[in-house]
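None of the values given here were measured: they were computed from a predicted structure. Side-chain atoms are counted along with the backbone in the values below, which use heavy atoms only and exclude waters and symmetry mates.
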Amino acid sequence: MNVCIFNGDMSRGGGTERITQILANALSDYCEFCITVLNLNNATGTSYYPLSDNVNIHILKSKTLFWKIIELASFLREKKIDVIIDVDIMLGMYSLPALVLSPKTKLVSWEMFNLRNDIGSKRTNLIREICLKKSAYYINQTKGDMEAFINEMPVKCPITYIYNPCEIDYSYTDYDINSKTIVTAGHFFYTKGYDLAIEVARYVFEKHSDWKWEFYGDGNKLEECKALVKEYGLEENVFFCGRTKNIMAAYKKAAMYVMTSRTEGFGLVLTEAKSCNLPTLAYDIDFGPREIIDDGVSGYLVKAFDSNKMADKICTLIENEELRKQFSVRSKDNCGIFSREQFTSRWIELLNEIS
């Protein structure tokens with residue numbers, strides 16, 4: 001089966017690119033699949049996350065929407081692509097019209113956000129509605145999001161959810177109880193709520209000035225967050241560490257992971273942190289964290305955007321070494337459902353079903 005995984009730009013180092021790499025490499029291990037990762041744009045021609053030698057990479061060269069659609073349709077026909085997987089629903093702007101010119105190719109639409117997130121575009125829900133009619137399958141990242149789609153959208157195609165995968169090393173049991181580091185990772189975008197995290201930090205470091213908070217990533221809100229840190233006088237406690245290809249090393253040095261996102265499609269960083277035995281805390285937003293964090297067992301779900309409550313929970317863990325240990329020990333309790341094996345088998349089953 002010829003499978004094309006259609007992505008924005010693999011030279012970037014975000015979660016969408018990471019999940020594309022994981023799926024492409026996993027499927028390429030099976031001889032029945034010929035995998036191509038197709039980039040909408042990619043000025044460098046590289047992949048931030050390494051792709052298997054068995055994975056082909058291709059980049060659309062055209063500059064305008066119209067000609068990219070024409071080029072995509074031509075690519076699908078020439079390569080005899082059986083299935084195209086859009087990693088980001090907005091790529092339907094290109095794939096939906098291209099499939100009119102390549103009718104033998106089937107579309108799988110993969111929702112990277114959630115129903116409550118319009119990704120800042122007035123066209124998002126329109127594209128979703130068309131994809132829900134024209135796709136061979138529509139994939140959500142959480143059960144809650146899938147149920148919201150079923151209840152609130154005109155679903156006319158098969159729909160399911162597949163959790164994002166995490167590499168889980170059950171032999172790794174270490175936890176640095178002496179660490180005084182909080183860690184957060186992701187793009188500095190409005191949806192990720194890094195500004196909210198810095199509000200939380202104000203309260204935490206009033207009580208525990210000997211602790212620090214490391215932020216990994218970059219993005220268009222980075223300078224705004226740096227300005228907030230300076231305004232609040234947190235330069236000795238809050239550190240911006242940039243992007244890293246080895247985020248797991250950062251997790252293994254930390255005491256806990258904190259997520260203050262306004263919205264999430266899933267929350268891959270939470271499963272990564274749990275796999276490194278970290279207690280995890282997150283705002284209880286509509287989708288994502290509540291299917292990952294076992295509240296009061298391996299971490300805390302906090303009322304959304306309540307900075308004082310989040311700070312209180314962080315301080316509770318800072319002040320209670322034994323509780324941090326207990327949460328660490330229980331961190332992997334539910335990680336089996338997020339394994340790469342589960343993820344890969346679900347995708348193989350789905351692709352075989354629509355072939």
Test E111 against every option in N117, D145, D86 by the side-chain contact (heavy atoms from CB on, under 4.5 Å) rule and name the one that passes.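 The option that passes is D145.
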W110 and side-chain contact (heavy atoms from CB on, under 4.5 Å): which single residue from N140, I89, I19 fits?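 Between W110 and the candidates, side-chain contact (heavy atoms from CB on, under 4.5 Å) is satisfied uniquely by I19.
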Among K68, K63, K61, whose side chain to side chain donor-acceptor pair (under 3.5 Å) with N41 holds?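 Only one of K68, K63, K61 forms a side chain to side chain donor-acceptor pair (under 3.5 Å) with N41, namely K68.
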Residue pair P165 / L268: nearest heavy atoms and the distance that separates them: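 Here P165 and L268 meet closest at O-CD1, 3.1 Å.
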Using every non-hydrogen atom in the two residues, find where L101 and A73 come nearest and quote the distance to one decimal.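 Between these two residues, the closest heavy atoms are CB-CB, 3.7 Å.
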Once you measure the plane-to-plane angle for F149 and Y138, does it fall in the parallel (<30°), tilted (30-60°) or perpendicular (>60°) bin?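 Ring orientation of F149 relative to Y138: tilted.
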Main-chain N/O of [Y] paired with [X] side-chain donor or acceptor, under 3.5 Å:
X	Y	answer
E291	T142	no
N352	I348	yes
D82	V3	no
N277	D174	yes
S328	R324	no
T344	E341	no
R330	K325	no
K106	I354	yes
Q141	M112	yes
S135	V108	no

Do [X] and [Y] have their ring centres less than 6.0 Å from each other?
X	Y	value
Y257	Y251	yes
Y161	F266	no
F215	F239	no

Do [X] and [Y] have side-chain atoms, one donor and one acceptor, less than 3.5 Å apart?
X	Y	result
E349	S345	no
D9	S11	yes
W213	T181	no
T271	N164	no

Charged N-O contact under 4.0 Å between [X] and [Y]:
X	Y	value
E167	R340	yes
D218	R12	no
R116	E264	no

[X] vs [Y] side-chain heavy atoms within contact, under 4.5 Å:
X	Y	result
N56	V37	no
F327	V329	no
K332	K274	no
N39	I57	yes
M248	S275	yes
T16	N7	yes
Y170	C335	yes
L351	L27	yes

Would a hydrophobic clustering, with Ile, Leu, Val, Met, Phe, Trp and Tyr connected at side-chain separations under 4.5 Å, put Y137 with I81?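 Yes, because Y137 and I81 connect within a single hydrophobic cluster, where side-chain heavy atoms sit under 4.5 Å apart.
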State yes or no: do Y194 and I119 share one hydrophobic cluster built from I, L, V, M, F, W and Y residues joined by side-chain heavy-atom distances below 4.5 Å, directly or via other members?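 Per the 4.5 Å side-chain linkage, Y194 and I119 are not co-clustered.
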For residues 202-211, which side-chain N or O atoms pair as donor and acceptor with protein atoms under 3.5 Å away, sequence neighbours left out?
residue: R202; atom: NH1; partner: E199; partner atom: OE1; Å: 3.4
residue: H208; atom: NE2; partner: E319; partner atom: OE2; Å: 2.8
residue: D210; atom: OD2; partner: K180; partner atom: NZ; Å: 2.7

If the condition is side chain to side chain contact (heavy atoms under 4.5 Å, CB included), which residues does [X] pass it with, not counting sequence neighbours?
X	answer
D118	T124
I150	M146, I159
R346	T160, I162

Does the cation-pi check pass for K252 over Y172, that is, NZ or CZ under 6.0 Å from the six-membered ring centre and within 45° of its axis?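 Checked: cation-pi criterion met.
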Do K221 and F188 meet the cation-pi criteria used here (NZ or CZ under 6.0 Å from the six-membered ring centre, within 45° of the axis)?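 No, a cation-pi geometry is absent between K221 and F188.
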Under the rule for side chain to side chain donor-acceptor pair (under 3.5 Å), what residues qualify as partners of K212, not counting sequence neighbours?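 Counting only residues at least two positions away or on another chain, K212 forms a side chain to side chain donor-acceptor pair (under 3.5 Å) with E214.
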Give, for atom SG of C315 and atom CG of N320, the distance between the pair rounded to the nearest 0.5 Å.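 Those atoms lie 12.5 Å apart.
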Roughly how far, to the nearest 0.5 Å, is the CZ atom of R128 from the OG atom of S109?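 Those atoms lie 11.0 Å apart.
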Without placing hydrogens or testing angles, list every side-chain donor-acceptor pair under 3.5 Å for residues 47-55, not counting sequence neighbours.
residue: S47; atom: OG; partner: Y49; partner atom: O; Å: 2.4
residue: Y49; atom: OH; partner: G13; partner atom: O; Å: 2.9
residue: S52; atom: OG; partner: N54; partner atom: N; Å: 3.0

Are there over 12 heavy-atom neighbours, none belonging to E129, within less than 6.0 Å of that residue's CD?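 Enclosed.
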Within 6.0 Å of NZ in K79, more than 12 heavy atoms from elsewhere: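 No - once you tally the heavy atoms of other residues, nucleotides and ligands closer than 6.0 Å, there are 12 at most.
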Output, in order, the C-alpha distance, side-chain angles, deciding distance and verdict of side chain to side chain donor-acceptor pair (under 3.5 Å) for T244 and N246. CA-CA 5 Å; T244 176; N246 190 13; over 6 Å; no
